[in-house]
Engineer: 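First, the structure itself, so that you have it in front of you.
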Amino acid sequence: MALTLDAYRLLGRSGLRVSPLALGTATFGTEWGWGAERAEARKLFDRYVGLGGNLLDTADTYTDGSSERLLGEFAREERERLVLATKYSTMRRPGDPNSGGGHRKALFGSVEGSLRRLGTDYIDLLYLHVWDVRTPAEEVLRGLDDLVRQGKVLYVAISNTPAWQVSRMQAIADLRGWSPLVALQLEYSLIERTAERDLIPMARELGLGVVPYSPLGGGVLSGKYGPADLTATGAGIGDGTRRGHNLALGTLTERNLAVAGVVREVAADLGRTPAQVALAWTLRNPGVATTLIGARTPAQLEENLGALEVEFTAAQLARLDAASAIELGQPHALLAGDHVRRLITGGLRIETRG
């Protein structure tokens, strides 16, 4: 059945209701050379919120702070009904080692800055943006819990962190009565499914709502690239273009273009765009609470929102899964084997949860 932005979902094991698509606002501001000017960003905000969307995602360093400032300005009149999510841990001042990282000083300094730029007294959802291997997990968790107790943050979450560390942190928070993590933001798409090995199953088990970013694989799944882009002369890796960026990241490959080709075929069958099919696919995963979309123009936003109306047949889902499947590796392959199940259950049929 088709979705709408006001078909709210619970975020992880919290009672917080969020839209199935979240609006990423890294495009608010032109400081990075490719974003939307204020008037255009306002159109994106108004359209998303006007349709019932309530989750808006930013970070303290997006577009050098303009993303938070513009979002705070636009959200002022409807602050109470909106869920504002921001992040901390990326460096805010070049040359200052304490302006980035997961530690307490960076956390409190970042949050105070975000509150000022957003023009609000509290942040609904605060993510640790990127895991800091130098800061103890207990320091991160205690700092986050202190902010919740002060009322400056309502819910805490994490992004770009190994599964073993997230699970350890969640256990520590539970045992010490600290604020639990309610969401896990990670890269997930038809060309990047490695999160299915450990991160997504862990999130479902421990009560974190999965929030995929880059669901279009850097634009590869939108159909904008072809085989010629792999061998084109002239501009290439490090040239400042989106194509060069994807080449540098290893996103633009023969394998990923083949997956994009199947996405195009399914889109044609459905009378939809490849981007809509790729976005809709992420929402099929039962661990996904909401998927992040990013748009620079109203037209791009409208196309992305059209993903809510996509309905797949079982055969279409099977084609997409087969084209994009990954090897789960060990111990997952071993545990999925029939011989292991027979060793454990003796061949008896046992229903599983979820």
Side-chain angles (χ1 to χ4, degrees), residues 1-12 16-27 36 41 43-58 74-75 78 81-85 125 183 185-193 200 209-224 260 262-321 324:
M1 187 171 66
L3 296 172
T4 58
L5 284 178
D6 58 0
Y8 303 112
R9 300 172 167 190
L10 293 178
L11 185 61
L16 187 65
R17 284 80 160 165
V18 297
S19 295
L21 291 178
L23 182 61
T25 64
T27 56
K43 292 177 183 177
L44 299 174
F45 174 89
D46 287 343
R47 180 58 174 164
Y48 174 78
V49 172
L51 291 174
N54 74 339
L55 178 56
L56 298 113
D57 183 275
T58 184
F74 302 158
E78 298 190 77
R81 89 167 193 84
L82 299 178
V83 178
L84 302 186
L125 181 65
Q185 194 171 125
L186 47 74
E187 183 174 358
Y188 185 55
S189 72
L190 277 162
I191 62 171
E192 178 47 80
R193 294 179 59 181
I200 293 178
V210 174
V211 183
Y213 69 80
S214 197
L216 300 184
V220 173
L221 293 170
S222 69
K224 65 189 296 184
V262 176
V263 172
R264 283 197 301 273
E265 293 170 2
V266 171
D269 291 344
L270 291 168
R272 295 288 178 177
T273 69
Q276 290 169 342
V277 166
L279 282 168
W281 178 86
T282 67
L283 295 172
R284 298 284 305 184
N285 189 305
V288 170
T290 178
T291 292
L292 271 172
I293 57 174
R296 188 179 54 81
T297 67
Q300 291 172 346
L301 177 60
E302 291 298 331
E303 180 183 10
N304 288 344
L305 294 177
L308 295 170
E309 301 171 356
V310 174
E311 298 183 61
F312 297 106
T313 65
Q316 289 165 341
L317 286 172
R319 287 171 63 190
L320 292 170
D321 184 69
S324 61

Engineer: How close do G209 and A289 get, heavy atom to heavy atom, and via which atoms?
Structural biologist: CA-CB, 4.0 Å
Engineer: Can you check whether Q276's main-chain N or O pairs, donor with acceptor, with E303's side chain at less than 3.5 Å?
Structural biologist: no
Engineer: Enumerate the residue pairs fulfilling side chain to side chain donor-acceptor pair (under 3.5 Å) with a member in residues 286-298, sequence neighbours excluded, ordered by first and then second residue.
Structural biologist: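 As it turns out, the side chain to side chain donor-acceptor pair (under 3.5 Å) pairs with a partner in residues 286-298, which skip direct neighbours, are T282-T291.
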Engineer: Would you call L55 and L11 a side-chain contact if the rule is heavy atoms closer than 4.5 Å?
Structural biologist: no
Engineer: Between T27 and A295, is there a donor-acceptor pair closer than 3.5 Å when you use the side chain of the first and the backbone of the second?
Structural biologist: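 The answer is yes, because a donor-acceptor pair under 3.5 Å joins these two groups.
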Engineer: Find out whether D6 and S19 are in side-chain contact, i.e. whether some heavy atom of one side chain is under 4.5 Å from a heavy atom of the other.
Structural biologist: no
Engineer: Using a 3.5 Å distance criterion without hydrogens, assess whether the side chain of Y8 forms a donor-acceptor pair with backbone atoms of G52.
Structural biologist: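 Yes, Y8 side chain to G52 backbone: donor-acceptor pair under 3.5 Å.
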Engineer: Between V211 and V18, is there a side-chain heavy-atom distance shorter than 4.5 Å?
Structural biologist: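 No; the side chains remain at least 4.5 Å from each other.
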Engineer: In Å and rounded to the nearest 0.5 Å, what is the CD to CG distance from E302 to L51?
Structural biologist: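 It is 7.0 Å, given to the nearest 0.5 Å.
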Engineer: Does N54 use its side chain to pair, donor to acceptor, with the backbone of R17 at less than 3.5 Å?
Structural biologist: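 The answer is yes, because a donor-acceptor pair under 3.5 Å joins these two groups.
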Engineer: Checking side chain to side chain donor-acceptor pair (under 3.5 Å) between D321 and each of R193, Q316, R284, which is the one that passes?
Structural biologist: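 For D321, the side chain to side chain donor-acceptor pair (under 3.5 Å) check succeeds only for R193.
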Engineer: Begin with the C-alpha distance, continue with both residues' side-chain angles, and end with the deciding distance and a verdict on side-chain contact (heavy atoms from CB on, under 4.5 Å) for D57 and Y213.
Structural biologist: CA-CA 11 Å; D57 183 275; Y213 69 80; over 6 Å; no
Engineer: So which heavy atom on A280 is nearest to which on A307, and how close?
Structural biologist: CB-O, 3.6 Å
Engineer: Would you name the heavy atoms of S189 and S214 that are closest together and state the gap between them?
Structural biologist: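 Heavy-atom minimum between the residues: CB-O, 3.7 Å.
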Engineer: Assess, by modelled atom type and distance only, whether the side chains of Y188 and N285 contain a donor and an acceptor separated by less than 3.5 Å.
Structural biologist: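 A donor-acceptor contact under 3.5 Å links the two side chains.
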Engineer: Please report the closest heavy-atom contact between A278 and P215, naming both atoms and the distance.
Structural biologist: CB-O, 4.1 Å
Engineer: Quick check: do Q300 and L44 have side-chain heavy atoms less than 4.5 Å from each other?
Structural biologist: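 They are not in side-chain contact.
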Engineer: Does L3 reach the side chain of R9, with side-chain heavy atoms less than 4.5 Å apart?
Structural biologist: yes
Engineer: So which pairs with a foot in residues 298-319 pass ring pair (Phe, Tyr, Trp, His ring centres under 6.0 Å), sequence neighbours left out?
Structural biologist: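 Listed by first then second residue: nothing to list.
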Engineer: In the structure I gave you, are the side-chain heavy atoms of W281 and L221 within less than 4.5 Å of one another anywhere?
Structural biologist: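 No, their side chains stay 4.5 Å or more apart.
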Engineer: List, one per line, each side-chain donor-acceptor pair under 3.5 Å for residues 263-271, sequence neighbours excluded.
Structural biologist:
from	atom 1	to	atom 2	distance (Å)
E265	OE1	R319	NH2	3.0
D269	OD2	R319	NH1	2.9

Engineer: Provide the closest heavy-atom pair for G53 versus L5 in the form atom of the first, atom of the second, distance.
Structural biologist: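 Closest approach of G53 to L5: N-CB, 3.7 Å.
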Engineer: Do you know which two heavy atoms are closest between A41 and A36, and how far apart they sit?
Structural biologist: N-CB, 4.0 Å
Engineer: Which value, rounded to the nearest 0.5 Å, describes the distance between T25 atom OG1 and L292 atom CG?
Structural biologist: 9.5 Å
Engineer: For the residue pair F45 and L82, establish whether any side-chain heavy-atom pair is separated by less than 4.5 Å.
Structural biologist: yes
Engineer: Evaluate the side-chain contact (heavy atoms from CB on, under 4.5 Å) criterion for residues L301 and I293: first the C-alpha distance (whole Å), next the side-chain angles of each, then the deciding distance (0.1 Å), finally the verdict.
Structural biologist: CA-CA 8 Å; L301 177 60; I293 57 174; 3.9 Å; yes
Engineer: Decide yes or no on side-chain contact (heavy atoms from CB on, under 4.5 Å) for L21 and L283, but give the supporting numbers first.
Structural biologist: CA-CA 9 Å; L21 291 178; L283 295 172; 4.1 Å; yes
